[in-house]
Amino acid sequence: MASVIRSDQIGEFVGQEVTIRGWVYNRTHKGKLVFLLVRDGFGFVQCVLFKNDVSPETFEAATRVPQESSVVITGKVRADPRAPGMPGGFEIGVTDFEIVQALEEDYPISLKEHGIEFLLDRRHLWIRSQSQWAVLRIRATVVKAIREWLDDHGFLNIDTPILTPAAGEGTTTLFKVNYFGDSTFLAQTGQLYNEANIFAFNRVYCFGPTFRAEKSKTRRHLTEFWMVEPEMAFCDLDALMEIEEQFVSYIVRRVLAERAVELAFLGRDTSVLEKVVPPFPRISYDEALEILAEIRANMDDQDLRAQLEITWGDDFGSPHETELTKRFEKPVFVYGYPTIAKAFYMEPWPGRPDVSKSVDLLAPEGYGEIIGGSERISDPDLLLERIHAHNLPEEAFSWYIDLRKYGSVPHSGFGMGVERTVTWICGIDHLRETIAYPRMLNRVYP
Ligand code: 4AD
Ligand code: MG
């Protein structure tokens with residue numbers, strides 16, 4: 001009996017009889033030949049039925065088998081550089097073909113173009129499509145690389161709670177949860193708990209879903225997204241940037257090495273990704289404003305000019321990040337944002353209290369922010385002052401203030417959004433395709 005194989009290992013079985021179990025992705029019929037593009041979850045492989053090699057009933061069944069029918073196929077593996085599929089270059093000359101279930105109604109997602117809302121309503125089926133399969137496999141590699149790099153560099157994974165009593169990143173995007181009559185919130189960040197954890201473990205990270213009641217409908221915002229947040233004791237802003245550039249470069253390198261087939265399918269220009277090696281350019285917020293002023297001055301598009309207007313103290317919006325990062329080939333650090341544009345916990349710049357020791361990492365080619373981070377306030381009095389200035393309830397932060405009383409040290413950390421990172425690495429337009437079941441302003445189904 002032929003052994004059942006995974007289609008991603010087909011290259012190891014040239015000349016041998018194998019069985020694959022999967023679903024019919026596409027079918028074409030030319031005279032005495034039926035070509036089935038079969039997906040088994042591990043890849044897509046072309047299976048060719050020649051009329052003379054199988055029984056008349058089998059051949060007949062193959063000519064009519066509907067898209068997405070489940071099948072078990074046996075045959076001999078041949079190398080053929082023209083064979084389509086992922087990885088491609090191999091095909092199966094079919095000797096036996098069995099249908100597990102033939103569809104009785106048409107599969108809703110045909111191989112023609114569909115509108116985005118139609119596809120999102122059928123996300124549970126859409127993930128079977130080649131492009132979605134490729135993106136989600138790249139995501140899995142990004143997640144694996146994140147853990148590999150951190151685990152290999154002394155970071156301990158300590159996950160933080162999702163139900164939290166305090167706001168970490170501003171009070172406007174909180175999801176409130178009724179907790180037996182008390183109100184709690186879904187976590188916007190695990191950072192504050194990470195800060196407690198570094199005093200026990202020095203270098204830590206949390207990695208999980210994060211929630212923000214974002215009312216914005218942009219290609220960069222989800223209401224539920226995954227964030228990895230490393231935090232380090234005895235670490236200043238410069239050391240933070242060095243860690244970030246090593247970390248991001250490693251992730252890109254792993255994807256290039258492990259997901260070449262998927263990147264090729266997506267048409268990603270990998271020569272751009274090859275350039276993602278340290279050091280990354282570093283510019284201050286003030287310098288970024290100068291670059292933006294220059295971009296505006298040389299711009300004909302009046303609408304975009306208006307959108308790019310910015311005064312010192314404003315945070316960047318999507319248009320600013322897009323225009324700025326189109327000018328860079330590598331991810332770029334923007335550091336030293338105005339204190340008023342950022343969260344309450346950031347250490348002030350020495351001698352410039354209106355500037356914070358913050359740094360965002362913006363992905364090139366117009367993608368924009370993928371990482372936000374900073375040095376944290378280490379002085380208990382200053383921290384308390386900031387909590388009051390931001391109208392945050394002191395009681396909810398009492399444990400957080402404790403951390404500055406018992407062995408306070410300079411410390412820093414950052415948060416990287418998985419979906420934004422995957423969007424950039426894949427070179428796609430919108431982050432909704434980078435998570436299996438996206439949650440957005442108007443969507444929680446399926
Ligand atoms: O810049 P943010 O808000 O930073 C923090 O939450 C810090 N507490 C992180 C830290 O220092 N530990 O968010 C960090 C990253 C962003 O750069 C972005 O990649 C992602 O999280 N992010 C989102 N991704 C998708 N949808 C949203 N609504 C996002 N909001 C933030
Ligand atoms: Mg940010």
Side-chain angles (χ1 to χ4, degrees), residues 116 131 135 138-139 142 214 216-222 225 241 244-245 247-249 251-253 255-256 263-264 266-338 341-342 358-373 414-434:
I116 186 65
S131 60
V135 170
I138 290 169
R139 177 193 171 103
V142 167
E214 302 273 7
S216 39
K217 254 181 140 177
T218 77
R219 59 197 179 91
R220 299 185 171 134
H221 288 96
L222 295 165
F225 61 95
M241 288 192 258
E244 288 183 27
E245 65 195 6
F247 177 63
V248 169
S249 302
I251 293 166
V252 170
R253 202 157 71 236
V255 174
L256 283 168
L263 290 169
L266 296 171
R268 183 60 165 126
D269 179 356
T270 49
S271 68
V272 184
L273 297 177
E274 304 278 1
K275 293 183 188 141
V276 181
V277 286
F280 296 167
R282 300 176 183 193
I283 59 172
S284 68
Y285 172 87
D286 296 346
E287 285 164 337
L289 282 202
E290 282 168 26
I291 297 175
L292 283 167
E294 192 190 313
I295 293 174
R296 286 187 68 233
N298 298 313
M299 179 169 274
D300 295 330
D301 184 336
Q302 292 302 315
D303 285 347
L304 189 53
R305 249 184 106 120
Q307 285 178 46
L308 289 178
E309 210 159 310
I310 184 165
T311 43
W312 198 96
D314 295 341
D315 202 356
F316 296 136
S318 297
H320 305 109
E321 291 183 4
T322 303
E323 291 309 314
L324 197 62
T325 61
K326 276 185 189 165
R327 298 200 149 196
F328 288 89
E329 285 197 320
K330 285 190 196 186
V332 52
F333 288 114
V334 179
Y335 62 87
Y337 286 81
K342 292 287 180 189
S358 51
V359 61
D360 282 359
L361 183 66
L362 313 185
E365 304 169 81
Y367 280 95
E369 181 187 341
I370 54 172
I371 290 183
F414 68 91
M416 184 181 85
V418 169
E419 293 77 14
R420 288 195 193 171
T421 304
V422 176
T423 304
W424 159 57
I425 292 177
C426 290
I428 59 178
D429 287 339
H430 199 300
L431 88 174
R432 64 192 162 210
E433 295 180 34
T434 64

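All residue numbers refer to positions in the sequence shown, counting from 1. These numbers come from a predicted model, not from an experiment.
Taking Thr421 as the reference, nothing meets the side chain to side chain donor-acceptor pair (under 3.5 Å) condition, with sequence neighbours excluded. For the side chain to side chain contact (heavy atoms under 4.5 Å, CB included) test, residues two or more places apart in sequence or in another chain that qualify with Asn298 are Glu294. Residues passing the ring-ring contact (aromatic ring centres under 6.0 Å, His included) test with Phe328: none are found, sequence neighbours excluded. Remark: Thr270 pairs with no residue by the side chain to side chain donor-acceptor pair (under 3.5 Å) rule, at least two apart or across chains. For Arg282, the salt bridge (Lys or Arg N to Asp or Glu O under 4.0 Å) partners two or more places apart in sequence, or in a different chain, are Asp238, Glu245. Scored by the side chain to side chain donor-acceptor pair (under 3.5 Å) test, Tyr337 finds Asp360 as partners (sequence neighbours excluded). Partners of Glu365 under the salt bridge (Lys or Arg N to Asp or Glu O under 4.0 Å) rule, at least two apart in sequence or in another chain, are Arg268. Listed by chain and residue number, Lys275 satisfy the salt bridge (Lys or Arg N to Asp or Glu O under 4.0 Å) test with Glu329 (two or more places apart in sequence, or in another chain). Residues satisfying the salt bridge (Lys or Arg N to Asp or Glu O under 4.0 Å) test with Glu323, not counting sequence neighbours, are Lys326. Residues passing the side chain to side chain donor-acceptor pair (under 3.5 Å) test with Ser318 are Arg220, sequence neighbours excluded.
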*Checking side chain to side chain contact (heavy atoms under 4.5 Å, CB included) for the pair Phe280/Glu244: CA distance, chi angles, key distance, verdict?*
CA-CA 10 Å; Phe280 296 167; Glu244 288 183 27; over 6 Å; no
_Assess the residue pair Val332 and Leu324 against the criterion (side chain to side chain contact (heavy atoms under 4.5 Å, CB included)); give the C-alpha distance rounded to whole Å, side-chain angles, the decisive distance to 0.1 Å, and a yes or no._
CA-CA 9 Å; Val332 52; Leu324 197 62; 5.8 Å; no
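Contact annotation: the side chain of Asp286 approaches that of Trp312 to within less than 4.5 Å [non-hydrogen atoms, C-beta and beyond]. When side chains are defined from C-beta on, Thr325 does not count as touching Trp424, because their heavy atoms never get closer than 4.5 Å. Within the 4.5 Å cutoff, side-chain heavy atoms of Leu266 are placed close to those of Ile138. Taking 4.5 Å as the limit, every side-chain heavy atom of Phe225 sits out of range of all side-chain heavy atoms of Thr434. In this structure, the side chains of Phe316 and Leu289 come closer than 4.5 Å at one or more pairs of heavy atoms. Taking the side chain as every heavy atom from C-beta outward, Leu273 and Val255 never approach each other to under 4.5 Å. Val276 is listed as a side-chain neighbour of Pro331, based on a closest heavy-atom distance under 4.5 Å.
Lys330 places a side-chain N or O within donor-acceptor distance of the main-chain N or O of Val277, the cut-off being under 3.5 Å. The closest donor-acceptor contact from the side chain of Tyr367 to the backbone of Glu321 lies at 3.5 Å or more, if one exists at all.
Across every non-hydrogen atom of Tyr285 and Gly313, the tightest pair is OH-N, 3.1 Å. In terms of heavy atoms, Ala288 sits closest to Val334 at CB-CG1, 4.3 Å. Taking each heavy atom of Ile428 and Glu433 in turn, the nearest pair found is CD1-CB, 4.0 Å. Shown here for Met416 and Ile251, the closest heavy-atom pair between the two residues is CE-CD1, 3.8 Å. Closest approach of Leu256 to Leu263, counting heavy atoms only: CD2-CD1, 4.0 Å.
For residues 305-316, the pairs satisfying salt bridge (Lys or Arg N to Asp or Glu O under 4.0 Å) are Arg296-Glu309, with sequence neighbours left out. Here salt bridge (Lys or Arg N to Asp or Glu O under 4.0 Å) pairs that include residues 419-432, with residues two or more places apart or in two chains, are Arg139-Glu419.
Ile116 contributes atom CD1, which lies 7.5 Å from atom NE2 of His430 (distance to the nearest 0.5 angstrom). Once rounded to the nearest 0.5 Å, the distance linking CZ of Arg219 with OG1 of Thr322 reads 5.0 Å. Atoms CG and CG, from Asp301 and Leu308 in turn, are 9.0 Å apart once rounded to the nearest 0.5 Å. Note that the CD atom of Glu369 and the CG atom of Leu361 stand 9.0 Å from one another [nearest 0.5 Å].
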